[in-house]
Amino acid sequence: MRVSALDLRWMRRLLSSWQQQQQQWVLPATRRACSSLSDRLYRDLTSRQLPLTFDYMHPQSSYLLSLTLADLLPTLTPAPNDLPSARSTSRMPAGHHLVYFPPQVTLSQLLPDGTDTLHAPGSPFDRRLWAGGSVRFPASNALTLNGSRAVCIETIRDVIVKGRPGDEKILVRIERRIGTAQEGEDNRNIRERIWKEIEDETGQASVIETRNLLFMREKTTEQLNHDKASFDMETRAIRSPSDPRFLHKLIPSNALLFRFSALTFNAHSIHIDKAYAQNVEGYRNLLIHGPLTLTLLLTALEDYLSKLGLTTTGIEYRNITPLYVEEELAVCGKPKPGRGHAAWDVWIEGRDGRLAVRGTAQTSPA
């Protein structure tokens, strides 16, 4: 039988397709397991219907946060003498949304480390870290601290599994959209106004925040012993940017961590229980909260921008290495090269100038 060139090419394509299918069927067990885990966690977490969280935009929580930061950044957050009136139309300072809409869970919904179950992938990924995120502040929908009712809509946008089987890390990306809500307004109508399927669409949200939470397995005895023995050993450092336009040094205290935990309703043991942080998680000391470092970045940046007639419209940031209580840190920032004042590099240096947090902020005229 004579086979034409066209038939021969078709047969080769068919054979190639068959071979690819066979390779997919005989994937190594470890790769199949990783894919299966990733698919299962993605389906489970992104399908969760997280409850709406309501709050009232009274100035009390923002006022207490300002009091907490006043001694650390005295030129930026002068301590108020009186609680502002809820009748005022003062705009919520950048980052102060973090002390509103606390997780509304019962004690039975807390895990052994004090974190909640809302976003957790479940055992064996029982350790959590705040890896970074982003915040947008749509100028047309700014929140005011006038006592009005507001809502926070949470959605798990993505789940990513990293690492080899047996040592996976689960990155859960959460989106929080905050906006005003009327008394008695139907929940469906609230979601339609504020939440959008397309992430770039603002809708009627006043704050759009992404939180990247990293979940890991509990450390083995060998890992824990190694980490505890390495508390004071220096690791390879990432070089910080040079020539900051502003720089503020401070030493976070136990009282700061306690008050920020209280303001944010955060019971995570790595921030309040030194024995747990060292003996269970293997850290040198209590860790500074991820959202606290974000608050410090935004507070320092907003103060500097106010002198230029600018304000922050958004920020993206990544937590690179832990920051510890009672260790000096520096909050820094400068305009990005070639961008004028439209974009800024912002970062936090740990002890010895090691880069711990790095971000990029966008600005516009106030």
What's the separation between atom [atom1] in [X] and atom [atom2] in [Y], rounded to the nearest 0.5 Å?
X: T321; Y: E349; atom1: OG1; atom2: CD; value: 11.0 Å
X: L329; Y: H248; atom1: CG; atom2: NE2; value: 12.0 Å
X: L250; Y: L296; atom1: CG; atom2: CG; value: 6.0 Å
X: F258; Y: I272; atom1: CZ; atom2: CD1; value: 8.5 Å
X: T363; Y: H341; atom1: OG1; atom2: NE2; value: 8.5 Å
X: L145; Y: Y63; atom1: CG; atom2: OH; value: 13.5 Å

Any side-chain to backbone donor/acceptor pair from [X] onto [Y]? Under 3.5 Å, distance only.
X: Q223; Y: T221; value: no
X: T313; Y: Q362; value: yes
X: S62; Y: P59; value: no
X: D167; Y: G163; value: no
X: Q278; Y: A275; value: no
X: D116; Y: L118; value: yes
X: K334; Y: S242; value: yes
X: D55; Y: F101; value: yes
X: E201; Y: I198; value: no
X: S240; Y: G353; value: yes

task = Please name all residues satisfying salt bridge (charged side-chain N to carboxylate O under 4.0 Å, His left out) with R318, sequence neighbours left out, ordered by chain then number.
result =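 With neighbours one apart ignored, the set is empty.
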inquiry  = Run the salt bridge (charged side-chain N to carboxylate O under 4.0 Å, His left out) test against E281 and tell me which residues pass, sequence neighbours left out.
reply    =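 Salt bridge (charged side-chain N to carboxylate O under 4.0 Å, His left out) check on E281 returns R127.
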ask   = Taking side chain as C-beta onward, heavy atoms only, is L37 less than 4.5 Å from D39?
value =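 A side-chain contact is absent here, since even the closest heavy-atom pair is not under 4.5 Å.
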ask   = Going by heavy atoms in the side chains, are F260 and N266 under 4.5 Å from each other?
value =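 No. Closest side-chain heavy atoms not under 4.5 Å.
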Quick one: do [X] and [Y] make a salt bridge, cutoff under 4.0 Å?
X: K196; Y: D200; value: no
X: E185; Y: R193; value: yes
X: R48; Y: D44; value: yes
X: R157; Y: E175; value: yes

Atom of [X], atom of [Y] and distance for their closest heavy-atom approach:
X: G350; Y: L323; answer: CA-CD2, 3.7 Å
X: S261; Y: H289; answer: OG-NE2, 2.8 Å
X: L355; Y: P241; answer: CD1-CD, 4.2 Å
X: S253; Y: V325; answer: C-CG2, 3.4 Å
X: S38; Y: V161; answer: CA-CG2, 3.6 Å
X: N212; Y: R173; answer: OD1-CG, 3.3 Å

task = Could you go through the salt bridge (Lys or Arg N to Asp or Glu O under 4.0 Å) check for E183 and R149 one step at a time?
result = CA-CA 7 Å; E183 297 286 351; R149 188 172 187 247; 3.8 Å; yes
task = Quick one: do T117 and L111 satisfy side-chain contact (heavy atoms from CB on, under 4.5 Å)? Show the steps, please.
result = CA-CA 7 Å; T117 58; L111 298 168; 3.7 Å; yes
message = Clusters formed by hydrophobic residues whose side-chain heavy atoms approach within less than 4.5 Å: which one holds L287, and what are its other members?
response =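 Same cluster as L287: L129, I160, L171, L214, M216, I270, Y276, V280, Y283, Y324.
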Look at atom [atom1] of [X] and say whether more than 12 heavy atoms of other residues, nucleotides or ligands are closer to it than 6.0 Å.
X: N189; atom1: CG; answer: yes
X: E218; atom1: CD; answer: no
X: Q182; atom1: CD; answer: no

The single option from L143, I178, T180 passing side-chain contact (heavy atoms from CB on, under 4.5 Å) against M57 =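 The passing option is L143.
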inquiry  = Go through it in stages, so that I can follow the logic: the residues are K336 and D345, the test is salt bridge (Lys or Arg N to Asp or Glu O under 4.0 Å), and I'd like the CA-CA distance, side-chain angles, deciding distance and then a yes or no.
reply    = CA-CA 6 Å; K336 290 187 74 68; D345 285 320; 2.9 Å; yes
query = Which is it for K169 and F215 under the side-chain contact (heavy atoms from CB on, under 4.5 Å) test, yes or no, and what are the steps along the way?
reply = CA-CA 6 Å; K169 295 178 176 61; F215 293 88; over 6 Å; no
task = Kindly say whether the aromatic ring centers of W344 and Y304 come within a distance under 6.0 Å.
result =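 Between W344 and Y304, the centre distance is under 6.0 Å.
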key: side-chain contact (heavy atoms from CB on, under 4.5 Å) assessment of V357 paired with I320   = CA-CA 6 Å; V357 184; I320 299 170; over 6 Å; no
inquiry  = If you apply the rule salt bridge (Lys or Arg N to Asp or Glu O under 4.0 Å), what do you find for E209 with R177, and how did you get there?
reply    = CA-CA 6 Å; E209 179 187 8; R177 290 185 175 233; over 6 Å; no
